[in-house]
Amino acid sequence: MMEKTTFGSFEAAKNKRGLIIMISLAVLIVIAFIISMNTGYIRLTPMELINTLFGKGTDKQELILFQFRLPRIVISVLIGAGLAVSGAVMQGVFRNALADPGILGINAGAGIMVMLLISFYPTATAAPVYLLPMVAFVGAGLTAALIYALAYKRHQGISPMRLLLTGVAVAAGMSAAMIVLTLRLDPEKYQFVATWLAGSIWGTSWKFVLSLLPWILILVPYVIYKARVMNVLNLGEQTAVGLGAAVTKEQFRLLAAAVGLAAASVAVSGGIGFVGLVGPHLARRLVGPKHQLMLPTSALLGSLLVITADTIGRWILQPSEIPTGIVVAVIGAPYFLYLLARTKS
């Protein structure tokens with residue numbers, strides 16, 4: 001009886017600590033949000049910012065804040081959460097600490113379909129905004145199926161290192177195909193693709209926010225709802241089957257959700273990598289492997305990482321901008337190499 005009480009107290013303490021960490025991350029996101037609203041070539045003082053938020057700013061200030069900065073900041077928060085949760089699901093389902101939608105080529109598959117769609121329109125901005133996530137989902141889904149088929153071996157399943165190498169190879173092939181296709185584009189579309197490849201948040205209007213929002217609002221809660229299932233899957237396939245889990249069906253559903261999150265994010269953000277790698281790993285260090293805490297913490301960390309990277313990219317070389325994907329890569333690439341060095345199989 002005492003052991004049960006002690007265990008219950010330990011779990012309650014972990015849950016309380018996890019809640020405190022999540023609240024702290026949410027506060028940091030709010031602070032980054034406020035700083036980002038005041039970051040750009042045209043600076044708004046804190047008083048001007050407050051006045052503009054309450055409808056007392058000039059037309060120019062309202063245009064800058066409501067039409068340019070706020071949509072971009074909201075998109076940064078959404079894609080950070082989407083990519084981080086997508087990475088957490090892939091790491092959990094494949095039981096591979098190095099799984100990430102960017103590293104495994106999912107982002108590249110989504111991107112090549114977005115580029116093909118845009119090539120049919122006279123300008124990049126003329127493409128139907130609400131169709132972009134769907135098209136990206138098709139490309140990401142086909143790429144995920146290809147990687148799974150190439151990495152799978154009968155009677156052996158999928159080893160973490162084979163999955164990683166297959167994903168890297170497919171991502172390289174997709175990126176090469178995208179570069180070849182850009183040779184047939186006019187200068188404006190070529191510039192768009194180059195910007196997309198660098199990971200610049202190019203969808204910066206409220207239309208892009210509305211096209212992305214349903215995917216995040218539906219799929220992120222769905223994945224968190226499946227947290228208990230992911231805990232069981234992490235015990236191994238045989239154990240999960242013994243506990244009554246429909247392993248294949250649950251893996252397919254979770255992977256479909258992960259691919260959908262990555263595809264919708266990539267459709268408006270470009271090729272931003274490493275968010276799905278860094279977010280879940282930091283979340284595990286902060287709150288542990290229990291998915292009920294780890295998944296929402298990953299979402300918050302991903303949002304914080306992307307909004308911070310976007311703010312730094314817009315601030316450091318004013319009036320020019322550094323694409324958000326490059327800033328994230330500066331953080332994520334060394335961490336990826338560190339994890340790769342620690343991986344034994």
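One is the number of the first residue; the rest follow in order along the sequence.
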Exercise. Quick one: salt bridge (Lys or Arg N to Asp or Glu O under 4.0 Å) pairs with a partner in residues 97-110, sequence neighbours left out?
Worked result: none
For this session: List for me each residue that meets side-chain contact (heavy atoms from CB on, under 4.5 Å) alongside Ala299, sequence neighbours excluded, and say none if there are none.
Result: Ala81, Val85
Exercise. Between Gln91 and Arg284, is a side-chain contact (heavy atoms from CB on, under 4.5 Å) present by the stated rule, with each step listed?
Worked result: CA-CA 12 Å; Gln91 289 171 22; Arg284 284 190 199 94; 2.8 Å; yes
For this session: Using the rule that two of Ile, Leu, Val, Met, Phe, Trp, Tyr join whenever any of their side-chain heavy atoms come within less than 4.5 Å, decide whether Leu304 and Ile34 are in one cluster.
Result: yes
Problem set entry | Test side chain to side chain donor-acceptor pair (under 3.5 Å) applied to Asn231 - qualifying residues, sequence neighbours left out | His291, Gln292
Exercise. Looking at Leu212, Val268, Val306, which hits side-chain contact (heavy atoms from CB on, under 4.5 Å) with Leu78?
Worked result: Leu212
Exercise. Excluding sequence neighbours, so at least two apart, what forms ring pair (Phe, Tyr, Trp, His ring centres under 6.0 Å) with Phe274?
Worked result: none
For this session: Please collect all salt bridge (Lys or Arg N to Asp or Glu O under 4.0 Å) contacts where either partner lies in residues 45-67, sequence neighbours excluded, each pair once.
Result: none
Problem set entry | 4.5 Å side-chain heavy-atom contact, Ile29 and Leu300 | yes
Problem set entry | Separation of Ile31 CD1 from Ile307 CD1 (nearest 0.5 Å) | 11.0 Å
Exercise. Of all heavy-atom pairs between Ala108 and Ser175, which one has the smallest distance, and what is that distance?
Worked result: CB-OG, 4.4 Å
Problem set entry | Main-chain N/O of Gly82 paired with Ser86 side-chain donor or acceptor, under 3.5 Å | no
Problem set entry | Partners passing side-chain contact (heavy atoms from CB on, under 4.5 Å) against Trp206 (at least two apart in sequence or in another chain) | Gln67, Leu70, Pro71, Val74, Val209
Exercise. Are the side chains of Ile322 and Ile316 in touch, meaning some heavy atoms are under 4.5 Å apart?
Worked result: yes
For this session: Find out whether Leu295 and Met230 are in side-chain contact, i.e. whether some heavy atom of one side chain is under 4.5 Å from a heavy atom of the other.
Result: yes
For this session: Indicate yes or no: at least one non-hydrogen side-chain atom of Thr166 is less than 4.5 angstrom from one of Tyr148.
Result: no
Problem set entry | Flag side-chain contact, heavy atom, 4.5 Å: Met134 against Trp215 | yes
Exercise. Hey, are the side chains of Phe137 and Met113 touching, using non-hydrogen atoms and a 4.5 Å cut-off?
Worked result: no
Show every donor-acceptor pair shorter than 3.5 Å between a side-chain atom in residues 138-145 and any protein atom, with sequence neighbours excluded, or say none if there are none.
{"from": "Thr143", "atom 1": "OG1", "to": "Gly139", "atom 2": "O", "distance (Å)": "2.8"}

Exercise. Given side chains that start at C-beta, do those of Met22 and Val287 come closer than 4.5 Å, heavy atoms only?
Worked result: no
Exercise. In Å and rounded to the nearest 0.5 Å, what is the OG1 to CG distance from Thr297 to Leu25?
Worked result: 6.5 Å
Seminar exercise, completed: Gln251 meets the side-chain contact (heavy atoms from CB on, under 4.5 Å) criterion, sequence neighbours left out, with Val93, Leu233, Val247
Exercise. For Leu63, what are the other residues in its hydrophobic cluster, where any two members join if their side-chain heavy atoms are less than 4.5 angstrom apart?
Worked result: Phe68
For this session: Examine distances only and state if a side-chain atom of Arg69 and a backbone atom of Met37 form a donor-acceptor pair shorter than 3.5 Å.
Result: yes
Exercise. For Asp310, what residues pass the side-chain contact (heavy atoms from CB on, under 4.5 Å) criterion, not counting sequence neighbours?
Worked result: Arg72, Ser76, Ile201, Arg314, Thr324
For this session: Can you tell me which residue pairs pass the salt bridge (Lys or Arg N to Asp or Glu O under 4.0 Å) test with a partner in residues 223-234, sequence neighbours excluded?
Result: Lys226-Glu250
Seminar exercise, completed: The reported gap from CG in Leu301 to CG in Leu28 (rounded to nearest 0.5 angstrom) is 9.5 Å
Exercise. Hey, quick one: are Val180 and Met115 part of the same hydrophobic cluster, counting side-chain heavy atoms closer than 4.5 Å, chains of contacts allowed?
Worked result: no
Problem set entry | Pair listing, salt bridge (Lys or Arg N to Asp or Glu O under 4.0 Å) test, anchored in residues 129-152, at least two apart | none
